[in-house]
Amino acid sequence: VQLVESGGGLVQAGGSLRPSCAASRSISSINVMGWYRQAPGKQRELIAVIASGGTTNYADSVKGRFTISRDNAKKNTMYLQMNSLKPEDTAVYYCRVVDFDSWGQGTQVTVSS
């Protein structure tokens, strides 16, 4: 499955963004999908996962600010609603289909102070 992220950009601290991850085929049968990010000079980290049944889990750094969701039926797309953004959220954000270890190309998110 191929993945394409979009929806990153430049935003001021306190603002919001909603990156999306479009899959090349149906994701209804995919068990686990996730969002990762990699800041300059740092390792890639897992920030949110969602299972096919809708169960979610978040890294402490984004809990309460970010919401992961997926549209299995219509758009074969996963989303990451990011609110109350902070400069330390600046990173390249990647989506992943855990079942197949497939990755998107990444979308840049930059939060200015």
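As a basis for the values below, the full set of heavy atoms in this structure was taken, side chains included, without hydrogen atoms, waters or symmetry mates. Nothing fancy with the numbering, it's 1 onward along the sequence.
Interatomic distance, OG of Ser113 versus NZ of Lys86, reported as 14.0 Å (0.5 Å rounding). Taking CG from Asn76 and OG from Ser28, the interatomic distance works out to 7.5 Å, rounded to the nearest 0.5 Å. Going from atom CG of Leu3 over to atom OG of Ser102 covers 6.0 Å, rounded to the nearest 0.5 Å.
With sequence neighbours left out, Ser16 forms a side-chain hydrogen bond (donor to acceptor under 3.5 Å, both in side chains) with Asn83. Arg65 is linked by a salt bridge (charged side-chain N to carboxylate O under 4.0 Å, His left out) to Asp89, counting only residues two or more places apart in sequence or in another chain. Remark: Glu88 pairs with no residue by the salt bridge (charged side-chain N to carboxylate O under 4.0 Å, His left out) rule, at least two apart or across chains. Residues that satisfy the side-chain hydrogen bond (donor to acceptor under 3.5 Å, both in side chains) test with Lys63, not counting sequence neighbours, are Asp60. In this structure, Arg70 has no salt bridge (charged side-chain N to carboxylate O under 4.0 Å, His left out) partners at least two apart in sequence or on a different chain.
A heavy-atom distance below 4.5 Å is found between the side chains of Asp101 and Arg96. Proximity of Val32 to Asp99: side-chain heavy atoms (C-beta onward) are separated by under 4.5 Å at one or more points. A 4.5 Å side-chain heavy-atom check between Met78 and Ile50 finds at least one atom pair inside the cut-off. Put simply, the side chain of Tyr94 reaches to within 4.5 Å of the side chain of Arg44, judged on heavy atoms. With a 4.5 Å cut-off on side-chain heavy atoms, Pro19 and Met82 count as touching. Residues Arg25 and Ile30 are in side-chain contact: their nearest non-hydrogen atoms beyond the backbone lie under 4.5 Å apart. A 4.5 Å side-chain heavy-atom check between Leu85 and Leu17 finds at least one atom pair inside the cut-off.
The cationic atom of Arg37 (NZ for Lys, CZ for Arg) does not lie both less than 6.0 Å from the six-membered ring centre of Tyr93 and within 45° of the ring axis.
Summarising the geometry of Thr107 relative to Gly8, their closest heavy-atom pair is OG1-N, 3.1 Å, with the distance given to 0.1 Å.
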Residues Ile27, Met33; criterion side-chain contact (heavy atoms from CB on, under 4.5 Å); working and verdict: CA-CA 9 Å; Ile27 62 173; Met33 301 180 72; 3.9 Å; yes
Audit row: Ile68, Tyr58, side-chain contact (heavy atoms from CB on, under 4.5 Å) steps and yes/no: CA-CA 9 Å; Ile68 187 172; Tyr58 298 92; 3.4 Å; yes
Intermediate values then yes/no, side-chain contact (heavy atoms from CB on, under 4.5 Å), Leu80 and Arg18: CA-CA 5 Å; Leu80 185 67; Arg18 191 193 189 209; over 6 Å; no
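Distance alone, capped at 3.5 Å, is enough to place a donor-acceptor pair between the Trp35 side chain and the Tyr79 backbone. Looking at Thr77, its side chain does come within 3.5 Å of a backbone N or O of Lys75 through a donor-acceptor pair. Panel note: side chain Thr90, backbone Thr110; no donor-acceptor pair is recorded below 3.5 Å.
Residue Val92 is not grouped with residue Ile47 when hydrophobic side chains (ILVMFWY) are merged at heavy-atom distances under 4.5 angstrom, including chains of intermediate members.
For Trp103 and Tyr36, the distance between ring centers is under 6.0 angstrom.
Other residues, nucleotides and ligands contribute only 12 or fewer heavy atoms inside 6.0 Å of the CD atom of Gln2.
Sequence neighbours left out, not one pair with a member in residues 5-17 passes salt bridge (charged side-chain N to carboxylate O under 4.0 Å, His left out).
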